[in-house]
2 protein chains.
Amino acid sequence: MITIKDVAREAGVHPSVVSRVLNKDVTLKIKKETRERILITVEELGYVPNHSARNLKRNETMMIGMIIPDFSNPVYSSIIHGAENKAAEECYNLLVYSKDQKGIGNNYFSHLIEGRIDGLLIAVSEFEDKDIKELAELDKPFILVNRFVEGIENHVVLDDETAGYMAAKHLMELGHTNIAHITGPFEIGTGFNRYKGFKNGIEDAGIELKAEYIRKSAYTIQSGYDEMNQLLKLEEPPTAVFAANIMISLGAMRAVQEKGHEIPNDISIIGIHDVAFAPVLNPPLTTIRMPLYEMGEAAVKKLVENIKGKSSNKDMEGIMIEGGELIVRDSTKEFIPE
Amino acid sequence: MITIKDVAREAGVHPSVVSRVLNKDVTLKIKKETRERILITVEELGYVPNHSARNLKRNETMMIGMIIPDFSNPVYSSIIHGAENKAAEECYNLLVYSKDQKGIGNNYFSHLIEGRIDGLLIAVSEFEDKDIKELAELDKPFILVNRFVEGIENHVVLDDETAGYMAAKHLMELGHTNIAHITGPFEIGTGFNRYKGFKNGIEDAGIELKAEYIRKSAYTIQSGYDEMNQLLKLEEPPTAVFAANIMISLGAMRAVQEKGHEIPNDISIIGIHDVAFAPVLNPPLTTIRMPLYEMGEAAVKKLVENIKGKSSNKDMEGIMIEGGELIVRDSTKEFIPE
DNA sequence: TTGTATGCGTTATCAC
DNA sequence: GTGATAACGCATACAA
């Protein structure tokens with residue numbers, strides 16, 4: 001292992017000088033010759049500062065952690081992408097791990113407490129509120145992404161309510177009146193807010209919202225499939241369905257098609273989250289594109305501010321990223337009465 | 001920040017004793033009383049050892065890095081999952097980042113060189129061979145996952161050749177003879193090996209492999225879509241297509257359906273990689289399930305051995321995980337002559 | 001069984 | 001401009 005001492009010896013200077021050169025102190029009180037000699041030696045020896053030693057001294061890692069539920073959920077890839085790019089811009093590294101990967105003491109946040117990372121993005125909805133509140137006590141920088149917890153203001157979320165409203169509006173504009181909604185879990189902000197927006201949309205149009213058309217579901221393919229099957233069993237099945245996320249959409253589409261119905265001729269389906277494969281589904285899925293990438297960016301931006309002490313978890317205001325966009329494809333179609 | 005000194009003072013002992021208690025030296029030459037008192041104090045103060053300090057001393061981070069091409073590729077989620085679980089079993093943390101996230105000096109491997117991680121899994125096929133070889137010179141533990149580089153033996157790969165063979169066999173058993181293959185890039189081991197297996201399968205059956213039925217593609221939806229369209233333009237289009245991975249499958253399915261053909265009635269399609277949404281595609285996709293999870297596990301297992309010095313990059317033999325499994329769904333069907 | 005001393009590699013604060 | 005020194009928090013060899 002090449003250390004700063006090796007470089008110093010080779011260049012004929014004291015280690016502290018090497019350190020100063022490499023850390024580009026604005027006050028560059030260093031002779032050009034020595035600076036260049038050192039830089040060349042660094043290059044020659046392939047010296048790279050030891051991360052742990054530097055961190056121990058500076059007490060910062062320039063690393064940001066991000067916990068996600070699991071890597072198979074395509075929704076997170078956009079958030080991560082935005083977060084990674086923003087982090088790079090701010091000279092931080094983003095390290096992603098799943099919630100299944102508990103640290104020491106079965107603690108989800110041990111990386112933060114141990115000082116492996118300078119801040120944490122929490123993009124997991126399954127954590128208990130009390131865990132989050134305990135974390136908040138520690139006064140380490142963290143941001144809840146796409147999640148709302150009562151009393152915790154350091155979050156970045158999307159405008160899910162408007163998204164639900166838009167979905168309802170789209171289906172109604174196509175002439176549908178028997179519109180069902182397979183919701184996400186109400187305990188999770190996104191699930192409830194999308195439902196709220198949907199409900200408002202329907203009621204604003206003066207349409208009665210039938211209780212049997214609201215099916216609570218988990219954000220999984222299987223659950224979407226199951227709930228869609230329940231809807232199909234109704235005496236008067238819906239002619240259009242709003243699925244609360246992409247996993248539910250996939251399950252619902254499968255259920256409809258398995259029963260021999262056609263999308264969109266028999267049933268229209270609109271989903272949320274315009275993931276990469278939405279256009280190549282059969283039929284291509286009408287969705288609402290949510291600004292996931294932008295949410296990832298915003299979360300990192302705010303987190304870095306908190307890390308640098310420009311603001312803190314406690315005095316920040318929750319951030320909402322607006323701008324859902326309706327992407328009309330072939331899974332929704334005008335309702336034609338028989 | 002609570003340090004080991006705080007604990008020591010509170011418990012009325014010397015810091016070194018605290019250290020010994022926490023590091024559970026097999027030689028537990030510590031009075032039960034003191035040990036318990038210390039443990040209680042640790043609990044009370046919420047002391048957590050500082051990661052950087054410990055790392056600086058021990059020269060190990062208990063962290064494993066993993067570079068992937070991007071987070072939107074569903075194939076990687078299984079590999080990561082296996083890797084995460086195995087890492088946890090071995091008391092390591094797995095930190096995932098994308099190849100877009102270069103470190104200092106535009107170096108993909110800086111995390112390894114800086115000592116942020118003890119070893120690295122490289123699951124990216126786009127790196128230049130020379131970059132990999134440079135890394136190999138450094139003699140830091142790393143494993144190539146699902147990638148083969150000439151002269152580098154520290155890799156874990158799948159039996160892609162057999163997978164290609166199985167795909168060809170399945171389609172031929174259904175009576176197809178006009179079978180096309182949209183391949184992956186030949187520069188990447190997987191692409192070429194799947195092609196090789198496919199070719200052998202076809203030729204073993206005494207069927208002539210038509211040159212126009214082999215379409216080289218990138219592992220993307222768009223490329224799969226484009227190449228499938230080329231196949232459809234042929235005078236005698238294939239009745240069955242083997243798509244070299246899931247992205248190509250998605251693109252190919254879309255192209256077929258957009259032209260008004262039916263899967264599998266007009267054209268059968270078989271893909272590789274049984275991702276989570278394969279069963280809910282329309283039609284559900286016949287695939288070959290590759291042991292991605294197991295590959296992730298095996299890669300970590302081997303990497304940890306290298307880290308612990310039981311073996312090294314250079315003296316290890318390449319590992320191949322066998323066991324592709326044909327999952328027949330509705331996208332392939334018996335060929336019925338007109 | 002516990003305390004003392006030392007050093008991991010780096011940077012910040014001195015003095016020269 | 002540069003060199004010397006101390007300290008970050010921890011673990012370990014050695015002394016007691």
Side-chain angles (χ1 to χ4, degrees), chain A residues 1-39 41-42 45-63 104 110-118, chain B residues 1-39 41-42 45-63 104 110-118:
Chain A
M1 180 183 207
I2 310 283
T3 77
I4 201 169
K5 287 178 189 170
D6 299 319
V7 177
R9 196 181 331 106
E10 197 72 18
V13 292
H14 195 272
S16 57
V17 185
V18 179
S19 177
R20 267 170 289 193
V21 168
L22 292 180
N23 292 304
K24 309 192 178 183
D25 256 310
V26 192
T27 53
L28 17 73
K29 301 178 194 170
I30 285 153
K31 221 193 298 181
K32 272 199 176 177
E33 288 177 37
T34 17
R35 152 165 276 129
E36 280 167 13
R37 187 153 33 93
I38 288 172
L39 255 20
T41 314
V42 164
L45 298 185
Y47 166 71
V48 175
N50 178 283
H51 180 252
S52 298
R54 170 174 281 180
N55 175 29
L56 181 59
K57 192 69 190 155
R58 289 201 187 155
N59 204 28
E60 64 173 5
T61 63
M62 301 310 285
M63 302 215 278
I104 55 168
S110 58
H111 283 196
L112 193 53
I113 303 167
E114 291 173 90
R116 290 162 119 112
I117 53 178
D118 294 337
Chain B
M1 180 182 205
I2 310 284
T3 76
I4 201 169
K5 287 180 190 169
D6 299 319
V7 177
R9 195 180 333 106
E10 196 71 18
V13 292
H14 194 271
S16 60
V17 186
V18 179
S19 175
R20 267 169 290 193
V21 168
L22 292 182
N23 292 303
K24 312 193 175 180
D25 257 309
V26 192
T27 52
L28 15 74
K29 300 178 193 169
I30 285 152
K31 220 195 294 180
K32 271 200 177 178
E33 288 178 37
T34 11
R35 151 167 275 127
E36 279 168 14
R37 186 152 34 91
I38 289 172
L39 255 20
T41 314
V42 164
L45 299 185
Y47 167 72
V48 175
N50 178 283
H51 180 252
S52 298
R54 171 173 282 181
N55 174 224
L56 181 58
K57 193 71 190 153
R58 287 198 188 156
N59 205 26
E60 65 173 2
T61 63
M62 301 310 283
M63 302 215 278
I104 56 167
S110 58
H111 283 196
L112 193 53
I113 304 167
E114 290 173 273
R116 290 162 119 112
I117 53 178
D118 295 338

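Only this structure's heavy atoms are used, side chains among them; waters, hydrogens and symmetry mates stay out. Chain letters run A, B, ... following the sequence lines, proteins first and then strands; every chain starts at 1.
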Next item on the list: Return no unless some side-chain N or O of A/Arg54 is found under 4.0 Å from OP1 or OP2 of C/dT11.
Entry: yes
From CZ of B/Arg9 across to C1' of C/dT2 the rounded distance in Å is 18 Å
Walking DNA chain D from its 5' end, the first of A/Lys57 and B/Lys57 to be reached, judged by nearest nucleotide, is A/Lys57
* Asked: If we only count heavy atoms from C-beta on, is the B/Leu22 to B/Leu39 side-chain gap below 4.5 Å?
  -> yes
**OP:** Under 4.0 Å between any heavy atoms, over every strand shown, what does B/Thr3 touch: base, sugar-phosphate, or nothing? Just pick one.
**Re:** sugar-phosphate
Any donor-acceptor pair under 3.5 Å between the side chain of B/Arg20 and the base of C/dG3?
yes
* To do: Could you tell me whether the side chain of A/Lys5 has a donor or acceptor atom within less than 3.5 Å of a complementary atom in the base of C/dG9?
  => no
A/Asn59 CG to D/dA7 P, in whole Å, measures 17 Å
note: B/Asp6, atom CG; D/dC8, atom P; distance rounded to Å ~ 12 Å
When rounded to whole Å, the CG to P distance for the pair A/Leu56 and D/dC10 reads 9 Å
Overall bend of the helix from C/dT1-D/dA16 to C/dC16-D/dG1 (five pairs an end, 10° steps) is 50°
By nearest-heavy-atom nucleotide on DNA chain C, the more 5' of B/Thr34 and A/Val18 is B/Thr34
To the nearest angstrom, the CD1-C1' distance between B/Ile30 and D/dA11 comes to 13 Å
In whole angstroms, the gap separating C1' of D/dA13 from NE2 of B/His14 amounts to 14 Å
One should read off an interatomic distance between B/Met62 CE and B/Arg54 CZ, to the nearest 0.5 angstrom, of 10.0 Å
From CG of A/Asn50 across to P of C/dG7 the rounded distance in Å is 18 Å
Here the gap from B/Ile117 atom CD1 to B/Leu112 atom CG, rounded to the nearest 0.5 Å, amounts to 5.0 Å
| message | Do A/Asn50 and A/Met1 make a side-chain contact, defined as non-hydrogen atoms from C-beta onward lying under 4.5 Å apart? | response | yes
Side chains of B/Lys5 and B/Val18, heavy atoms from C-beta outward: is any pair under 4.5 Å?
no
N/O (side chain, B/Ser16) to phosphate O (OP1/OP2, C/dT4) under 4.0 Å:
no
Rounded to whole Å, the NE2-P distance (A/His51 to C/dT11) equals 12 Å
Taken to the nearest 0.5 Å, the spacing of B/Arg20 CZ from B/His14 NE2 works out to 9.0 Å
Sequence neighbours excluded, the answer for side-chain hydrogen bond (donor to acceptor under 3.5 Å, both in side chains) partners of A/Arg37 is none
